[in-house]
2 protein chains.
Amino acid sequence: MSDIVKLPRFLLIKQYIENHIASGNWPVGTRVPSENDLAASFSVSRMTARRALKELDDEGLLTRAPGLGSFVAKPKALPPQVELPNVVENIQNFGIYSCRIVGLERIQADMLMAQRMRVNMDDELYKGTFVHLNRDKPAQFEEIVVNPLVAPAFIKQNYHKVTADAYLNWVAAPSHVEYRLSAVMPSAMQRRELGLTHEGEGVCIKITKRNWSQDTVMSLSTLINPAEGYHLGKEIK
Amino acid sequence: MSDIVKLPRFLLIKQYIENHIASGNWPVGTRVPSENDLAASFSVSRMTARRALKELDDEGLLTRAPGLGSFVAKPKALPPQVELPNVVENIQNFGIYSCRIVGLERIQADMLMAQRMRVNMDDELYKGTFVHLNRDKPAQFEEIVVNPLVAPAFIKQNYHKVTADAYLNWVAAPSHVEYRLSAVMPSAMQRRELGLTHEGEGVCIKITKRNWSQDTVMSLSTLINPAEGYHLGKEIK
DNA sequence: CAGTGGTCTAGACCACGTT
DNA sequence: ACGTGGTCTAGACCACTGG
């Protein structure tokens with residue numbers, strides 16, 4: 001016996017169309033019945049038939065054009081995406097978080113940094129260097145350069161309780177964020193701070209992150225994670 | 001002077017609500033006017049007021065509940081995501097692609113592989129090993145294990161022109177894909193195949209990808225890329 | 001021109017949660 | 001009982017497209 005649940009009519013129409021598409025019966029580009037056609041053949045008002053087509057349009061299964069009709073859209077293979085885990089947040093939620101402040105200082109922009117921060121050379125910038133620890137074990141090395149105009153008090157904060165990233169999100173949420181990820185061998189300083197003493201170990205994931213507030217760069221941070229145990233995406237086992 | 005364009009009424013209502021939310025006038029959790037309220041105050045039918053609320057709901061700005069009303073939703077910070085570049089596709093588009101077939105054979109599933117492929121131990125599997133080259137320079141090492149039930153002819157194909165991945169997508173598009181990314185030091189065999197001769201070089205990005213067709217595993221592939229020049233996300237310069 | 005989708009109306013019935 | 005959103009109707013006018 002079929003379910004006793006009474007499905008809304010617009011859902012029946014959607015399923016009718018979805019089935020024709022999924023079965024290959026209506027290949028890409030096929031013109032599907034118009035709102036009036038569906039209204040007639042399903043004994044339904046046009047508004048109801050319209051809703052079915054509208055939602056299939058929203059879901060990307062159909063393309064609709066006034067004066068032309070509704071057509072089976074070609075499936076757009078959305079590029080595979082992985083989430084970037086927030087190491088500090090994970091520790092705060094599931095571990096014991098602490099932070100070693102390696103440095104917190106004013107610097108002058110060299111040529112490269114001026115270019116990346118979209119400021120002039122020799123402009124003053126703030127720079128913070130941190131090691132994030134889980135149960136007193138180094139988990140991530142962070143270096144962040146901040147535009148003083150966006151966060152004048154950045155250098156006066158106490159980053160034992162609140163991370164620099166969290167503070168910046170507080171004083172001015174970025175309007176846009178850029179990420180870049182690669183794998184590197186850490187520098188001697190980074191190895192030391194991360195406690196990577198053995199000769200063999202050392203592969204690290206490096207994430208570069210730039211926060212924008214409209215057209216000005218708020219901050220540029222570099223995160224170095226030991227590759228050991230650092231993964232993106234779902235567990236595969 | 002304001003634009004002469006005549007906006008649809010439901011858009012005016014949407015803007016009215018959006019403005020109240022954006023200005024902080026209606027903080028998260030605030031109950032917004034009901035469909036009937038809006039219909040009355042905008043001298044519009046309920047269906048039109050409804051459409052405005054419906055679309056704001058779809059866009060995540062509102063949460064609606066029958067019997068209760070519509071409420072300002074709390075902005076959900078979508079986790080940052082990066083796209084996984086398809087190395088082979090990039091070479092085919094912007095370089096000169098070729099492929100060295102290292103191996104193409106039947107294997108028996110050991111315990112680990114059986115678990116990952118969701119088959120029984122000692123079941124037959126197909127395994128392909130490839131090196132993808134750009135201008136005859138190794139760019140990616142690939143190892144792919146395939147379920148024979150899904151692609152019985154997998155092992156008989158010629159993978160010089162079409163990649164194993166492309167072939168599998170052809171015979172049976174996956175219904176779901178899992179990714180996992182990490183950084184590793186390549187094995188001796190991988191180093192040899194990738195032409196990593198110098199002692200210092202060697203950090204690699206490893207991508208594990210599992211294709212599902214409904215509830216069966218179609219394939220499990222491991223991609224090894226020299227980290228040198230391999231990046232995810234937007235260029236930051 | 002006839003047909004399409006886009007917008008809109010003024011009603012209606014229902015299931016649901018609060019009171 | 002009342003108001004909410006969810007579904008639905010039978011009309012309507014419009015801008016746009018094709019033949």
Side-chain angles (χ1 to χ4, degrees), chain A residues 2-21 26-74 76, chain B residues 2-21 26-74 76:
Chain A
S2 63
D3 289 24
I4 311 181
V5 294
K6 180 181 148 241
L7 283 181
R9 304 204 217 288
F10 75 90
L11 270 185
L12 291 176
I13 303 179
K14 279 183 71 174
Q15 290 177 358
Y16 167 79
I17 298 172
E18 283 167 352
N19 288 340
H20 274 86
I21 295 179
W26 292 350
V28 171
T30 304
R31 180 172 159 182
V32 309
S34 72
E35 297 179 355
N36 285 322
D37 292 344
L38 291 170
S41 55
F42 279 85
S43 300
V44 113
S45 85
R46 195 192 137 204
M47 284 296 279
T48 301
R50 173 179 179 70
R51 175 163 178 187
L53 292 174
K54 165 74 157 54
E55 292 196 358
L56 290 171
D57 182 18
D58 291 343
E59 294 164 15
L61 275 165
L62 296 181
T63 303
R64 283 152 65 76
L68 293 177
S70 305
F71 305 86
V72 177
K74 72 158 171 283
K76 43 153 206 234
Chain B
S2 63
D3 290 29
I4 311 182
V5 294
K6 177 181 152 246
L7 283 182
R9 304 205 218 290
F10 75 90
L11 271 185
L12 291 176
I13 303 179
K14 279 183 70 174
Q15 290 177 356
Y16 167 78
I17 297 172
E18 283 167 351
N19 288 340
H20 274 86
I21 294 179
W26 291 349
V28 171
T30 303
R31 181 171 158 182
V32 310
S34 73
E35 298 179 355
N36 285 321
D37 292 344
L38 292 169
S41 56
F42 279 86
S43 300
V44 114
S45 85
R46 195 194 136 201
M47 284 295 280
T48 302
R50 172 177 180 70
R51 173 162 182 188
L53 292 173
K54 166 74 158 53
E55 293 197 358
L56 290 171
D57 182 17
D58 290 344
E59 294 165 16
L61 274 165
L62 296 182
T63 303
R64 283 152 65 77
L68 292 177
S70 306
F71 305 86
V72 177
K74 72 158 171 283
K76 44 153 206 228

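A, B, ... follow the sequence lines: proteins, then strands. Residue 1 opens every chain. Quick note: numbers below take in every heavy atom, side chains included, and nothing from hydrogens, waters or symmetry partners.
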Listed by chain and number, what are the salt bridge (charged side-chain N to carboxylate O under 4.0 Å, His left out) partners of [X], not counting sequence neighbours?
X	answer
B:E18	none
A:K54	A:D58
B:D37	none

ring-ring contact (aromatic ring centres under 6.0 Å, His included) filter on A:F71, not counting sequence neighbours, yields none
What string of B, S and - do you get for nucleotides 4-13 of chain D, 5' to 3', if B is base contact, S is sugar-phosphate-only contact and - is no contact with any protein heavy atom under 4.0 Å?
BBBBBBB-B-
To the nearest angstrom, how far is B:L38 atom CG from D:dG3 atom P?
16 Å
Only counting residues at least two apart or in another chain, list the ones meeting side-chain contact (heavy atoms from CB on, under 4.5 Å) with A:T48.
A:R9, A:F10, A:V44, A:S45
